[in-house]
Structures are given as C-alpha cells and as structure tokens.
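Here it is: the structure, laid out below.
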Amino acid sequence: MEGVLIALAESYFHFTADHPELWIALFEHRLPPDHVLPAWYHGKIGRLLAMVEESLAPMFGPDEQDQRVQAARVLWCAVHGICSLAGSGKLGLVTADSVAAMADALVVNHVAGLRHWMAQAAPAIRA
C-alpha cells in the first residue's frame, strides 16, 4: 500500500515540477468572487482523491468511509503543501531533504499513524 501511495505522491511532485504553469493555473488561480468553479473541475479533483482513497481502502471497513475519505484528504493536502513549498523554492527553508524523501516519510508516517489508530482507537469507537 505504501508503495502505491509513494508512487502517487511522487507522480504529483513530478507533475508540479514538469508543468508548473499548469499546476499554478489549477490550484493557485483565484476566480473573481462571483464566479463558481465548474463541475468538471470538481470531477477532476474528485478522481485524483479517489486514487488515494482506493489505495487506503484496505485499511478501512465498509462502514468507515468517512474516515477513509478524511485520511485520503489529509494525505493529499500534505503532499500538496510539500509541492507548494518546493514550487515556491521555500522547501529548503524547512528541510534539506529532497521532495522524494519528504514524500516517502510522509506516506510511511501517515500509514503508520492510521494503522495505530485502527489498532488502538477503532475498537473503542466500534464498541
């Protein structure tokens, strides 16, 4: 599972590095206050998040969809934050580690935290 998530994170990092203008247009551009993002945009973001959710699905039961969705969004937001820092040239202010090393550590630690939560907190919540 971690391997798939690391690959997704690294693919996202490569996309942001290889296509910075497109990435900025997708995530940094601000519409005027009276404009709404189109449905196709939300659909594309939804498909991106669905890949992360699918990768995390084996950790969650069928009645834990809300937790799986939240875990996927937390992970993606953290990956996005690393991308933002790297893209702005500010990642070096936080760490000397490479983007790949940050992705690996993020995914491994996030999954370990989820496993711990599932082992410790989930039984009490399910009872």
Side-chain angles (χ1 to χ4, degrees):
M1 171 188 338
E2 288 94 334
V4 172
L5 291 166
I6 288 169
L8 286 171
E10 289 179 357
S11 293
Y12 189 67
F13 291 137
H14 287 295
F15 172 79
T16 64
D18 295 344
H19 308 284
E21 294 85 10
L22 180 56
W23 183 70
I24 288 169
L26 290 171
F27 292 106
E28 300 296 326
H29 177 72
R30 297 197 196 311
L31 290 173
D34 58 337
H35 287 76
V36 177
L37 288 171
W40 64 262
Y41 182 87
H42 290 284
K44 299 269 186 190
I45 299 299
R47 283 193 292 280
L48 171 65
L49 293 169
M51 288 189 285
V52 180
E53 288 175 34
E54 284 178 32
S55 298
L56 291 171
M59 297 185 71
F60 295 90
D63 60 333
E64 297 170 323
Q65 181 178 352
D66 291 343
Q67 293 91 339
R68 185 184 75 232
V69 167
Q70 181 189 43
R73 279 153 177 74
V74 166
L75 182 57
W76 184 82
C77 287
V79 167
H80 185 80
I82 294 169
C83 286
S84 291
L85 287 169
S88 68
K90 304 289 187 193
L91 187 61
L93 295 174
V94 179
T95 183
D97 289 341
S98 69
V99 171
M102 295 292 288
D104 291 356
L106 172 64
V107 168
V108 168
N109 287 307
H110 186 66
V111 171
L114 289 171
R115 285 189 175 125
H116 178 77
W117 178 81
M118 298 297 284
Q120 301 298 316
I125 292 170
R126 291 179 188 147

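Reckoned from all heavy atoms, side chains included, excluding hydrogens, waters and symmetry mates.
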Check M102 against I82 and note the closest heavy-atom contact, atom names and distance. CB-CD1, 4.0 Å
The reported gap from CG in L37 to NZ in K44 (rounded to nearest 0.5 angstrom) is 14.5 Å
How long is the gap from OG on S11 to CG on D18, to the nearest 0.5 Å? 10.5 Å
How many angstroms lie between atom CG of L114 and atom CG of L56, to the nearest 0.5 angstrom? 6.5 Å
Non-hydrogen atoms of L48 and Y12 that approach each other most closely: CD2-CE1, 4.5 Å
Quickly, which of V69, V74, V79, L5 forms a side chain to side chain contact (heavy atoms under 4.5 Å, CB included) with V52? Name it, please. L5
Can you name the nearest heavy-atom pair linking M1 to P58, along with the distance? CE-CB, 4.5 Å
Going from CH2 on W40 to CD1 on I45, what distance comes out if it is rounded to the nearest 0.5 angstrom? 9.0 Å
How long is the straight-line distance from CG of L75 back to CD of Q70, given to the nearest 0.5 Å? 12.0 Å
Determine the minimum heavy-atom distance between D97 and T95, stating which atoms define it. N-OG1, 3.0 Å
Can you name the nearest heavy-atom pair linking A72 to L49, along with the distance? CB-O, 4.4 Å
Apply side-chain contact (heavy atoms from CB on, under 4.5 Å) to the pair R68 and M59, showing each step before the final yes or no. CA-CA 8 Å; R68 185 184 75 232; M59 297 185 71; over 6 Å; no
Quick one: do F15 and V99 end up in the same hydrophobic cluster if we chain Ile, Leu, Val, Met, Phe, Trp and Tyr together by side-chain heavy atoms under 4.5 Å apart? yes
Return the orientation label for the W117 and F60 ring planes: parallel under 30°, perpendicular over 60°, tilted otherwise. tilted
Shortest non-hydrogen pair, L85 vs S88, comes out as O-OG, 3.1 Å
I6 vs E10, test: side-chain contact (heavy atoms from CB on, under 4.5 Å). Steps then yes/no. CA-CA 6 Å; I6 288 169; E10 289 179 357; 3.5 Å; yes
Apply ring-ring contact (aromatic ring centres under 6.0 Å, His included) to the pair W23 and H80, showing each step before the final yes or no. CA-CA 11 Å; W23 183 70; H80 185 80; 5.3 Å; yes
Rounded to the nearest 0.5 Å, how far does NE2 of H110 lie from CD of E2? 11.0 Å
